[in-house]
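Below: one structure, written as C-alpha cells.
Both counts, for ligands and for their atoms, begin at 1 and track the order of listing. These numbers come from the heavy atoms of this one structure, side chains and all, not from hydrogens, waters or symmetry mates.
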Amino acid sequence: MTMIAVQVLRRTQEAQDIAGFELGRPDGGPLPPFSAGSHIDVQVPGGPMRQYSLCNDAAEQHRYRIAVLREPKSRGGSAGMHDSVREGDTLLISEPRNHFPLVHAKRTLLMAGGIGVTPLLCMAQRLATIGADFTLHYSTRSVARTAFREEILRSAFADRVRFHHDDGPPGQMLNVPADVGPPDADTHLYLCGPAGYIQHVLQVAQGMGWPPAQIHLEYFTAAPADTQGDRAFQVRIASSGKVIDVPANESVTQALARNGVEVLTSCEQGVCGTCITRVLEGECDHRDLYFTDEEKARNDQFTPCCSRARSQVLVLDL
Ligand code: FES
C-alpha cells in the first residue's frame, strides 16, 4: 500500500474524549480526491494502523478531516492518536478508499451512533450540496459527547438533523420505528456506529420489512466476541506448504506472524477488511462484520484477524 506523508494542520477537541485532526500536504498541494463514505488508514506513531472515516466535504482537496474517539480499552490506536499526535506532526496515511458509498436515491436516511457520525457527516454535506432530500438522526450519550454539534447547528443543513441524547428528555429520544419508518422504494438507509447501535436499528428496520439492498452499514467497533468455545486448528500456506498451528488462544494473524508470515491488519476485529485472505480449502468460521452472509457462504475468503476454522485445516492463498 502506498503511504502519503501528511502534516497535522490543526488539532481540535470536538467533544468529550473526541479529538479532531485536520491533515494536509506539507507543501499545501492537493490530496487525492475522495467520495462521501471514504476512510483512510493512519499509521499511529509507535502504534498500530487504524482506519478513520473522512468527515469533511468531499469537494475539498486541501485537507482530510478525521475524528478519533478515545476508546477506554484502546490497544494503542485511539490512545496513541490522543496522547502523541500534535499540530505540526507528520503522519503516514493511505489514499482514501470507500467501502460505504452513497447510492443515488430520492431520499436518504442517515442514522449515526456516536463517533459513527463521521462518514455520515461527509454524506450529509454531499447531499446538501446537490440539494438531495435527506435526514440525519444523530444519537449520542450526551451533548458533551456530541462531536461537531456546533458545526452542524451552524451548517446550511441544520434543519435536516435530529439530535438524540441518552440523558436528554423523553421527547427527543431516538424512536427507531417512528424515525426510520416503514420502507419505501425511493429511500436508502445508512447506519454507522457501534455494533449494538447498528444491530438495534437494523433489527427494527428489517422487522418493518426494509430490504437488504436499501440498507447500508459500517461498523465502528465490533461487539466483544465470545471466545469460550474456540479450539486449536492448523493453517497451511499454499505457496510453501508450511503448516502452522493456531492455538485456541491465538488469532490466525498472530500465529502467522509468529512464524514469519505477515498479513496486513488494521482494526483487528473483523470490521475493516484490511486482512482479507483467500481460502483455498477447508471451512471458515467467520467472526467478522465485514462480509455479507452471501460472501461468507462462498467460503473462499476470510478475515484472519478474528475468524477461525470449522475444519481441522484451512489452506490459505499466501
Ligand atoms: Fe480489520 Fe481484519 S484487520 S478485518
Side-chain angles (χ1 to χ4, degrees), residues 1-3 37-44 46-54 66 68-69 71 73-81 92-101 115-116 118-119 191-196 198-199 216-227 230 233 235 237 244 246-247 249-280 282-310 314-318:
M1 186 171 24
T2 314
M3 300 299 277
S38 296
H39 67 268
I40 52 171
D41 291 350
V42 176
Q43 178 61 62
V44 180
M49 188 87 85
R50 285 289 180 259
Q51 298 191 311
Y52 297 108
S53 293
L54 299 178
I66 57 172
V68 180
L69 169 70
E71 299 284 353
K73 291 190 183 146
S74 171
R75 289 165 296 147
S78 68
M81 291 297 290
L92 285 177
I93 65 168
S94 70
E95 289 201 0
R97 282 173 290 161
N98 199 342
H99 297 148
F100 191 39
I115 193 66
T118 46
L191 312 176
C192 189
I198 290 190
Q199 273 154 17
H216 313 267
L217 42 92
E218 185 162 81
Y219 286 90
F220 256 65
T221 51
D226 179 4
T227 55
D230 286 358
F233 57 98
V235 291
I237 308 297
I244 293 172
V246 183
N249 61 352
E250 228 178 40
S251 69
V252 176
T253 46
Q254 286 167 338
L256 291 172
R258 198 165 36 74
N259 285 273
V261 182
E262 292 296 338
V263 173
L264 192 64
T265 60
S266 177
C267 71
E268 296 171 73
Q269 47 184 336
V271 169
C272 71
T274 302
C275 66
I276 291 172
T277 302
R278 280 190 6 106
V279 175
L280 302 176
E283 192 186 349
C284 307
D285 178 1
H286 294 286
R287 306 273 179 94
D288 64 277
L289 297 166
Y290 184 83
F291 291 126
T292 62
D293 289 346
E294 293 77 49
E295 287 169 334
K296 286 178 182 171
R298 284 206 289 272
N299 196 52
D300 58 356
Q301 51 185 347
F302 84 143
T303 53
C305 67
C306 64
S307 295
R308 304 185 65 80
R310 288 192 202 288
L314 275 186
V315 182
L316 305 183
D317 188 14
L318 290 171

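- Shown in contact with S266 at under 4.0 Å from a heavy atom are these atoms of ligand 1, numbered in order with element: 3 (S).
- The distance from atom 1 (Fe) of ligand 1 to the nearest N/O/S atom of C306 is not under 2.8 Å.
- The parts of C272 lying near ligand 1 are both backbone and side chain, judged by heavy-atom distances below 4.0 Å.
- Taking the six-membered ring where the residue is Trp, H99 and Y290 present perpendicular rings, their angle passing 60° and hence far from 30°.
- Under a 4.0 Å N-O distance rule, the pair R308/E250 does not qualify as a salt bridge.
- Proximity to G270 (heavy-atom distance under 4.0 Å) selects the following atoms of ligand 1: 4 (S).
- Here the side chain of D288 pairs no donor or acceptor atom with the backbone of S307 at under 3.5 angstrom.
- Atoms CG and CG, from L316 and L256 in turn, are 6.5 Å apart once rounded to the nearest 0.5 Å.
- The part of V271 lying near ligand 1 is the backbone, judged by heavy-atom distances below 4.0 Å.
- Put simply, the side chain of S78 gets close to the backbone of E71: a donor and an acceptor are under 3.5 Å apart.
- The proximity of E268 to ligand 1, defined as any non-hydrogen pair under 4.0 Å, is limited to the backbone.
- Protein heavy atom nearest atom 4 (S) of ligand 1, with residue, atom name and distance: G273 N, 3.2 Å.
- Of the candidates V271, T303, I198, V271 is the only one forming a side chain to side chain contact (heavy atoms under 4.5 Å, CB included) with L289.
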